Amino acid sequence: MDRYLVFGHPVRHSKSPFIHTLFARQTQQELEYGLAEPAVDEFAQALCTFFDQGGKGCNVTVPFKEQAFTLVDRLSPRAKRAGAVNTIKLTDDGVLLGDNTDGAGLVADLKSHGVTLADSRILLLGAGGAARGALAPLLAELPSELVIANRTHAKAQQLAAEFCDLGHVTAQTYEQLAGSFDLVINSTSASLQGELPPLAPALIHTDIAIYDMMYGASDTAFISWAKQHGARQTMDGLGMLVEQAAEAFTVWRGIRPGTKQVLRELKRNLGVI
């Protein structure tokens, strides 16, 4: 039976085995999917051993995505742009192909919620790996402007300069932010600590769409805050998790699973519904 893993540290909380088991059942694919939690300095060896022992593919999560980028034999165009790898496939000719499905998962989830990206004004909070992975797929949807805001302004400026060939991308400090945004995406990990990005409440209005890449059994701190200030459409990252997994499954197996039922089952599993 074909074997797949998710590598992370920590990773015991991961819902990837649950998701991919449902995908396999739905598409009648014979595979098993497990967890691997090597020490931070042992990832390269663990990855090598997994494929030497017949592994077919894996997902890679925190803190190994940048390291995985340097360990594969070949990179997809979106992995090159992201500077990080979250999906690895052993090809038929024995090559380790590194891909990044995070941005595609984000865009797919936004569209499933009816969010219009074309000609919209998007605010992306954060300038780390999650933001980097999201930028190219978001810009491919042709927003009118994408603004990056980050506590360290120089990092946002660097990211905007790197992706400016793909569309209208600018970097602003949180204090500079002004005007009306159609969509705000929080790519920071602040919600994991129950914290908030320093966003002015005045930027929130009733027609804005709010997206937090983090998720939990209840509203994240950012979503709760946005609701308190009038946002009517709010979304967490649970759908992105399922959509990026579906994209990875497609890379591995050549067949795209449906996501709606799997997302419902995952919410039930987490006690969200």
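Note that this is a predicted model, so its numbers are computed, not measured.
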Subject >> From CA spacing to verdict: side-chain contact (heavy atoms from CB on, under 4.5 Å), Gln172, Ile148 >> reply: CA-CA 6 Å; Gln172 296 181 17; Ile148 306 169; over 6 Å; no

Subject >> Test item: Leu110 and Leu183 side chains (from C-beta on) under 4.5 Å apart, heavy atoms >> reply: yes

Original post:
Glu37 side chain to Phe7 main-chain N or O, any donor-acceptor pair under 3.5 Å?
Top reply: no

Subject >> Shortest non-hydrogen contact between Leu90 and Gly55, atoms and distance >> reply: CD2-O, 3.6 Å

Original post:
Would you call Arg78 and Glu247 a salt bridge, using N to O less than 4.0 angstrom?
Top reply: yes

Original post:
Under 4.0 Å between a Lys/Arg side-chain N and an Asp/Glu carboxylate O for Glu162 and Arg81?
Top reply: no

Original post:
Side chains of Ser76 and Asn100: does their closest heavy-atom pair fall under 4.5 Å?
Top reply: no

Original post:
Is the shortest heavy-atom distance from the side chain of His168 to the side chain of Leu146 under 4.5 Å?
Top reply: no

Original post:
Is a side-chain donor or acceptor of Thr91 paired with a backbone partner of Val95 at a separation under 3.5 angstrom?
Top reply: yes

**OP:** Tell me, with the steps shown, if Gln233 and Ile208 meet side-chain contact (heavy atoms from CB on, under 4.5 Å).
**Re:** CA-CA 7 Å; Gln233 184 176 20; Ile208 202 168; over 6 Å; no

Subject >> Asp236 and Thr220 side chains, donor-acceptor separation under 3.5 Å >> reply: no

Original post:
Should the pair Trp225 and Phe222 be assigned to parallel (<30°), tilted (30 to 60°) or perpendicular (>60°) ring geometry?
Top reply: parallel

Original post:
Does the side chain of Thr27 reach to within under 4.5 Å of the side chain of Ile255, using non-hydrogen atoms?
Top reply: yes

Original post:
Hey, do the aromatic rings of Phe64 and Phe43 have their centres closer than 6.0 Å?
Top reply: yes

**OP:** Determine, using the 4.5 Å side-chain heavy-atom cutoff (strictly less than), whether Ile223 and Tyr211 are members of one ILVMFWY cluster.
**Re:** no

**OP:** Would you mind reporting whether Arg3 and Lys56 have side-chain heavy atoms less than 4.5 Å apart?
**Re:** no

Original post:
Going by atom types only, do Gln45 and Thr49 share a side-chain donor-acceptor pair under 3.5 Å?
Top reply: yes

**OP:** Might you point out which heavy atoms bring Pro137 and Ala104 nearest each other, and give the distance in Å?
**Re:** CG-N, 3.9 Å

**OP:** Kindly indicate whether the side chain of Leu266, heavy atoms from C-beta on, has any atom under 4.5 Å from the side chain of Ile19.
**Re:** yes

Original post:
Nearest heavy-atom pair of Phe50 and Cys58: which atoms, and what distance?
Top reply: CE2-CB, 4.2 Å

Original post:
Quick one: do Leu125 and Leu138 end up in the same hydrophobic cluster if we chain Ile, Leu, Val, Met, Phe, Trp and Tyr together by side-chain heavy atoms under 4.5 Å apart?
Top reply: no

Original post:
Among Ile122, Thr170, Leu123, Asp182, which one satisfies side chain to side chain contact (heavy atoms under 4.5 Å, CB included) with Glu145?
Top reply: Thr170

Original post:
What's the verdict on side-chain contact (heavy atoms from CB on, under 4.5 Å) for Leu263 and Leu238, showing C-alpha distance, side-chain angles and the deciding distance?
Top reply: CA-CA 8 Å; Leu263 180 56; Leu238 198 60; 4.0 Å; yes

Original post:
Do the side chains of Leu22 and Glu265 get nearer than 4.5 Å, heavy atoms only?
Top reply: yes

Original post:
Does Ser224 reach the main-chain N or O of Ala221 with its side chain, forming a donor-acceptor pair under 3.5 Å?
Top reply: no

Subject >> Closest non-hydrogen atom pair, Leu177 against Ala149 >> reply: CD1-CB, 4.0 Å

Original post:
Cluster question for you: counting only ILVMFWY and a side-chain heavy-atom cut-off of under 4.5 Å, with indirect links fine, are Phe181 and Ile210 together?
Top reply: yes

Original post:
Minimum heavy-atom separation for Phe163 to Val169, with atom names?
Top reply: O-CG2, 3.8 Å

Original post:
With a 4.5 Å limit on heavy-atom distance, are the side chains of Val11 and Val6 in contact?
Top reply: yes

Original post:
Is a side-chain donor or acceptor of His9 paired with a backbone partner of Pro38 at a separation under 3.5 angstrom?
Top reply: yes

**OP:** Verify the cluster assignment for Phe18 and Tyr215: are they in a single hydrophobic cluster under the rule of side-chain heavy atoms below 4.5 Å apart?
**Re:** yes

Original post:
What do the steps show when you test Asp102 against Lys65 for side-chain contact (heavy atoms from CB on, under 4.5 Å), and what is the final call?
Top reply: CA-CA 11 Å; Asp102 285 332; Lys65 291 183 183 183; 2.8 Å; yes

**OP:** Could you tell me whether a side-chain N or O of Asp2 sits under 3.5 Å from a main-chain N or O of Leu31, the two making a donor and an acceptor?
**Re:** no

Subject >> Option among Thr61, Asn59, Asp99, Thr101 that satisfies the side-chain hydrogen bond (donor to acceptor under 3.5 Å, both in side chains) test with Asn86 >> reply: Thr101

Original post:
Just by modelled atom types, is the Val115 backbone N or O under 3.5 Å from a matching donor or acceptor in the His113 side chain?
Top reply: no

Subject >> Joint hydrophobic cluster, Leu166 plus Ile185, side-chain heavy atoms closer than 4.5 Å >> reply: yes

Original post:
If you take all heavy atoms of Phe249 and Pro257, which pair is closest and at what distance?
Top reply: CD2-CD, 3.7 Å

